[in-house]
2 protein chains.
Amino acid sequence: MIPNSSQDSQARPGSLGVGGPPTKARPGSLGVGGPPTKARPGSLGVGGPPETEATFLAGYDPKDYPSVALTVDLVVFAVANKVLHVAVVERGAQPFLGNWALPGGFVQPGEDALAAANRELAEETGLDLGAHRVFVEQLATFSAPQRDPRMRVVSVAHLILLAGDGTNLVELRSGTDASDAQWLPVHAMDRTSLAFDHADILAAGLERLAGKMEYTTIAAQLVPEEFTLSALRDVYAAVWQAELPAGNFTRKMRTSLTPTGRKVQAVGAPASLFTIGSEWISPPWSRP
Amino acid sequence: MIPNSSQDSQARPGSLGVGGPPTKARPGSLGVGGPPTKARPGSLGVGGPPETEATFLAGYDPKDYPSVALTVDLVVFAVANKVLHVAVVERGAQPFLGNWALPGGFVQPGEDALAAANRELAEETGLDLGAHRVFVEQLATFSAPQRDPRMRVVSVAHLILLAGDGTNLVELRSGTDASDAQWLPVHAMDRTSLAFDHADILAAGLERLAGKMEYTTIAAQLVPEEFTLSALRDVYAAVWQAELPAGNFTRKMRTSLTPTGRKVQAVGAPASLFTIGSEWISPPWSRP
DNA sequence: ATTGTTATTATCAAGTTGATAATAACAATC
DNA sequence: GATTGTTATTATCAACTTGATAATAACAAT
């Protein structure tokens, strides 16, 4: 029977499961079982008695294992004028020369994927991480053997949200790697022409964001730290491509927000400013 | 400012966002910009005019890029007697010799992570994938540089659910790699003694499962294809560590299920058999 | 002062939840 | 063969949430 598998679903977290007290220690024999035969960390074929960790480390040769190049790819979102935008860079070499691609790059030896995502964000888009509020979370890992025609490249995709004022997009500087960096409107662009499997990665990022907006206040990562309910509602409109009734939006969202007491003046009645009060929206929205 | 990052959150998907029609093609110049300087696929420093894809492929040398060993680790869950169990294997070599670890192994050159997860599941636990209903989905990627003391090993963790009859756990055979394979009760074991960062991976798997049970019928992946509402309720009790009132559970869950017309006889009233009717529970549960 | 615009609160019917009870369908026992 | 124990399913009801719609409030501009 074919396993029921879904490559890229995601879960809705909450406070960590209750989890009873750890009472039972692991049972089972401790003796070394049959001789391991396949190359795997921790089960290298060593015939004799169990070696110490020191001798093991000394005798290890990394070339015995299949290796891959590890990259991060970034789905960087920002909202301006009720339109969701994604950052792309133009490819300056083959393959996909001249096409748009998501920003990204190699994970360096000393860093984990999250650190690489932050570094590449700064390097490839010229963004000053010290000057902007940025939200980063791991999205999914893309590992199809032929996703890059040149070599085995496995990419850990990340979702990145840039806080903006709602009308201006942060200026993207061409980084060291890319010949050009731009914002494209997510819902109006031709996503299929993105390089590599980046259309899939973008779809995963969009779905993660849209989905998480149902049950968390993640949308507030796309507006300034203090924001009005209208600004937040504009983010929902931009991502979900649907207008939510203002009155009901206020009623429901307000319970997850903290009022600052301040107000902003525009045309019409002055709007109150809020900050995030809770990470969670409970009960969740359901997208129209 | 330190980026607001959360290493491992997950999203709640739904039907894919509406998404307006792709109308605008990517704008921007197509010319090759400034000379790329950093080694990255697609932006290798090539001084001259843009080369063709063919010449590029010919001139490429994989050794120019940092490489890592790529593995999969498996969080394999099953339920018996209202207790959630996780499959572990005993380590037969250093480091962590004698400790429990999650099953896993290297991703081979021709396969993606999902294929590797399925293969390793069969190899390391002796499970006959043709004989059991199995659910697999990618969880998250763990890439801390020192997570394996011997070398750079990046692991794509997967969540695996084994359908069971509710009382018997599938017998695990010692695989080729591991000296012993067992089931441990998730909520009663000492998770901190797991090898490597497997306690973190297990926590991620548990949270994914518990979270997804709020808004999908994923719990039905842990019972036979036809199941009673009681059996499903037992899964919720095992994972959430909380008893849900039977009457309300039936009322709510029924709308996501399809009745088969058949019934099973035990002690008490005969219970109706159902299959999954919808992947979604709407509106979602909230965990007690 | 009036008008236009936007924010916020209010109202109401329909639907959902949580708690609790009532009913129903058996097996086992007397 | 009626009674008892056990479990499944349906029912009830008050509290709460939702979606739709309207009313009120707070300004700027005229």
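Using the six-membered ring where Trp is involved, B:F249 and B:W285 have ring planes that are parallel, under 30° apart on the 30 and 60° scheme. By the 30° and 60° cut-offs, the orientation of the rings of B:W280 relative to B:Y215 is parallel.
The residue A:S230 sits close only to the backbone: its heavy atoms come under 4.0 Å of sugar-phosphate atoms, none of a base.
Residues forming a side chain to side chain donor-acceptor pair (under 3.5 Å) with A:R251 (at least two apart in sequence, or on another chain): A:N248. A:R254 pairs by the salt bridge (charged side-chain N to carboxylate O under 4.0 Å, His left out) definition with nothing, not counting sequence neighbours.
Checked for salt-bridge contact, B:E207 and B:R287 meet the test: a charged N lies under 4.0 Å from a carboxylate O.
Heavy atoms only, all atoms of each residue included: B:F142 and B:D197 are closest at CB-OD2, 3.7 Å.
Between the B:K252 side chain and the B:P283 main chain, a donor and an acceptor come within less than 3.5 Å of each other. At least one donor-acceptor pair closer than 3.5 Å links the side chain of B:Q138 to the backbone N or O of A:T141. B:R133 contributes a side-chain N or O that, together with a main-chain N or O of B:V223, makes up a donor-acceptor pair within less than 3.5 Å. The main-chain N or O of B:V239 is found under 3.5 Å from a side-chain atom of B:H187 such that the two form a donor-acceptor pair. Between the B:W183 side chain and the B:V170 main chain, a donor and an acceptor come within less than 3.5 Å of each other.
Annotation: proximity of residues 269-277 of chain B to DNA chain D (heavy atom, distance under 4.0 Å) is found for B:A269, B:P270, B:A271, B:S272, numbered in ascending order. Listed by residue number, B:R251, B:K252 are the residues of residues 250-263 of chain B with a heavy-atom contact under 4.0 Å to DNA chain C.
Nearest-nucleotide positions on DNA chain D place A:N248 closer to the 5' end than the other of A:N248 and A:G268. Taking for each of B:A246 and A:G247 the nucleotide of DNA chain D with the nearest heavy atom, the 5'-most of the two is the partner of B:A246. Along DNA chain C, the nucleotide nearest B:S282 and the nucleotide nearest B:V267 are compared for position; the residue whose nucleotide lies closer to the 5' end is B:S282.
Counting heavy atoms from C-beta outward, B:I276 and B:T258 have side chains that stay 4.5 Å or more apart.
Helical stems of DNA chain D (runs of at least 3 Watson-Crick or G-U pairs, donor-acceptor distances under 3.5 Å) are listed by first residue: C:1-30 with D:1-30.
The residue from B:I160, B:V186, B:L202 that alone fulfils the side-chain contact (heavy atoms from CB on, under 4.5 Å) condition with B:V75 is B:L202.
The outermost nucleotides of DNA chain D lying under 4.0 Å from heavy atoms of chain A, listed 5' to 3', are D:dT17 to D:dA28.
Rounded to whole Å, the distance from CD on B:E243 to P on C:dG18 is 16 Å.
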